[in-house]
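All ligand and atom numbering here is 1-based and tracks the order in the structure. What's counted below: heavy atoms across the whole structure, side chains too, no hydrogens, waters or symmetry copies.
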Amino acid sequence: MKDILTAPFMVEMIRTASNMYAHGWDERNGGNISLLLGEDNLAEYLDTGRVLRTMPTGFEVPELCGKYFLVTGTGRYFKNMQYQPEKDLGIIRLADGGKTAELLWGFDDGGTFTSELPAHLMSHAARLKADPLHRVVTHCHPTNILAMTHVHSLDEREFTHTLWQMMTECVFVFPDGIGVLPWMLCGTNEIGQATAEKMKEFRLVVWGLHGIYGTGRTLDEAFGLIETAEKAAEIYIKTAHLPQLNTITDEQLRVTADYFKAKIKEGWLR
Ligand code: 13P
Ligand code: ZN
């Protein structure tokens, strides 16, 4: 058996969490990540027949039954993950229609998966239907996106349009737009269901007054989406109170998207 701490998915997960912390997106235990793993690459590192303990998830996701996830623990600090990954991370396999998580590795000191598991797993199910190569769901609390939800309309078309106008690259990094939810109680099945509903059409979903979810085929893709939206939000926060002398027009957005072969969300340009 190879050392699981050297597995590329583990190394990449720890690097991503550390990098998110360094960006200031994950204060204290803020944020969580889940990564869908293939059974093939797991067998080199883990006896998948050995279940350490089982934990109820509190919801069903039948389409993910039997699937494996590397997931962050609840109450864990991204800041510390690189020093104690076997405590802060766990590998689970879903059983019993998704109602049970079988722990195969990690959460060594008795910990458990993130409180946002409903939003993560329901979003995985929604994104897999939209893109069979989807693998990653990431949640965090980036300062400027969060600040923007205090002062900008939460209409998702208006929110996206403002971000597209902040920086030329936005329109081809997230041409499909950003879904936005109003404030809701976090950690619940209800916010999980609402997030997954948005994930049918968006790879990025903002939680008003809380944070953001980014998804993708790789950790880099999910990270890069959030990074781009957060940078655009920073430009908004730095300029919204100043006289605006120049802007990117809808025609320029259209030309940019066409040139980079990005399909802008239908009807979202004026
Ligand atoms: P967890 O520590 O349970 O992952 O929660 C962090 C968080 O960001 C809740 O939304
Ligand atoms: Zn959060």
Side-chain angles (χ1 to χ4, degrees), residues 10 13-14 16-36 53 55-59 61 69-92 94 101 103 105-124 126 136-150 154 178-199 202-215 219 222-223 225-227 229-230 233:
M10 188 70 73
M13 177 71 137
I14 295 166
T16 302
S18 303
N19 201 8
M20 289 172 70
Y21 174 72
H23 276 69
W25 303 346
D26 299 275
E27 77 293 339
R28 199 174 180 271
N29 65 309
N32 20 76
I33 311 177
S34 60
L35 168 61
L36 174 60
R53 54 191 157 102
M55 302 170 282
T57 61
F59 56 92
V61 265
F69 293 90
L70 175 61
V71 60
T72 54
T74 186
R76 300 305 185 160
Y77 292 27
F78 277 20
K79 173 174 80 74
N80 299 338
M81 194 187 293
Q82 60 185 310
Y83 308 112
Q84 49 174 46
E86 62 294 322
K87 292 193 178 79
D88 295 343
L89 291 166
I91 294 178
I92 56 170
L94 293 177
L103 182 66
W105 176 89
F107 300 145
D108 263 12
D109 57 357
T112 186
F113 47 72
T114 171
S115 60
E116 304 294 4
L117 199 70
H120 278 256
L121 295 188
M122 293 177 197
S123 293
H124 277 292
V136 179
V137 174
T138 313
H139 164 64
C140 58
H141 306 157
T143 311
N144 295 287
I145 286 281
L146 199 32
M148 196 168 153
T149 68
H150 286 255
L154 293 183
I178 302 179
V180 181
L181 289 176
W183 183 92
M184 290 179 74
L185 187 60
C186 58
T188 60
N189 289 350
E190 288 70 30
I191 201 170
Q193 279 147 1
T195 307
E197 194 55 38
K198 294 288 180 199
M199 289 291 182
F202 301 106
R203 292 172 299 154
L204 279 167
V205 175
V206 165
W207 280 3
L209 310 158
H210 183 137
I212 194 167
Y213 273 75
T215 65
L219 285 159
F223 181 95
L225 279 172
I226 294 174
E227 187 179 29
E230 167 62 2

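- Residue Cys186 has no N or O atom closer than 3.5 Å to an N or O atom of ligand 1.
- Of all the heavy atoms in Gly214 and Ala222, the pair that sits closest is O-CB, 3.8 Å.
- Applying the 4.0 Å criterion to heavy atoms of Glu116 picks out, from ligand 1, the atoms 9 (C), 10 (O).
- Within a 6.0 Å sphere centred on CZ of Arg53, other residues, nucleotides and ligands contribute more than 12 heavy atoms.
- Taking only nitrogen or oxygen atoms, main chain and side chain alike, Gly30 does not reach within less than 3.5 Å of ligand 1.
- Ligand 1 has an N or O atom lying under 3.5 Å from an N or O atom of His141, backbone or side chain.
- For Trp207, no nitrogen or oxygen atom sits less than 3.5 Å from a nitrogen or oxygen atom of ligand 1, counting backbone and side chain alike.
- In Thr74, the parts holding a heavy atom less than 4.0 Å from any atom of ligand 1 are both the side chain and the backbone.
- The side chain to side chain contact (heavy atoms under 4.5 Å, CB included) search around Ser115 returns Thr74, not counting sequence neighbours.
- Here 3 is the count of protein N, O or S atoms positioned under 2.8 Å from the Zn ion (ligand 2), waters not counted.
- Applying the 6.0 Å contact sphere to OH of Tyr21 captures no more than 12 heavy atoms from other residues, nucleotides or ligands.
- Looking at Thr149, its side chain does come within 3.5 Å of a backbone N or O of Leu209 through a donor-acceptor pair.
- The aromatic rings of His139 and Tyr213 lie parallel to each other, their planes meeting at an angle below 30°, with 60° marking the opposite boundary.
- For residues 108-124, the set of pairs meeting the salt bridge (charged side-chain N to carboxylate O under 4.0 Å, His left out) definition, not counting sequence neighbours, comprises Arg76-Asp109.
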List the atom pairs, donor and acceptor, that lie under 3.5 Å between side-chain atoms in residues 29-36 and the rest of the protein, sequence neighbours left out.
unit_1: Asn32; atom_1: OD1; unit_2: His120; atom_2: NE2; d: 2.7
unit_1: Asn32; atom_1: ND2; unit_2: Thr114; atom_2: OG1; d: 3.1
unit_1: Ser34; atom_1: OG; unit_2: His120; atom_2: ND1; d: 2.8
unit_1: Ser34; atom_1: OG; unit_2: His124; atom_2: NE2; d: 2.7

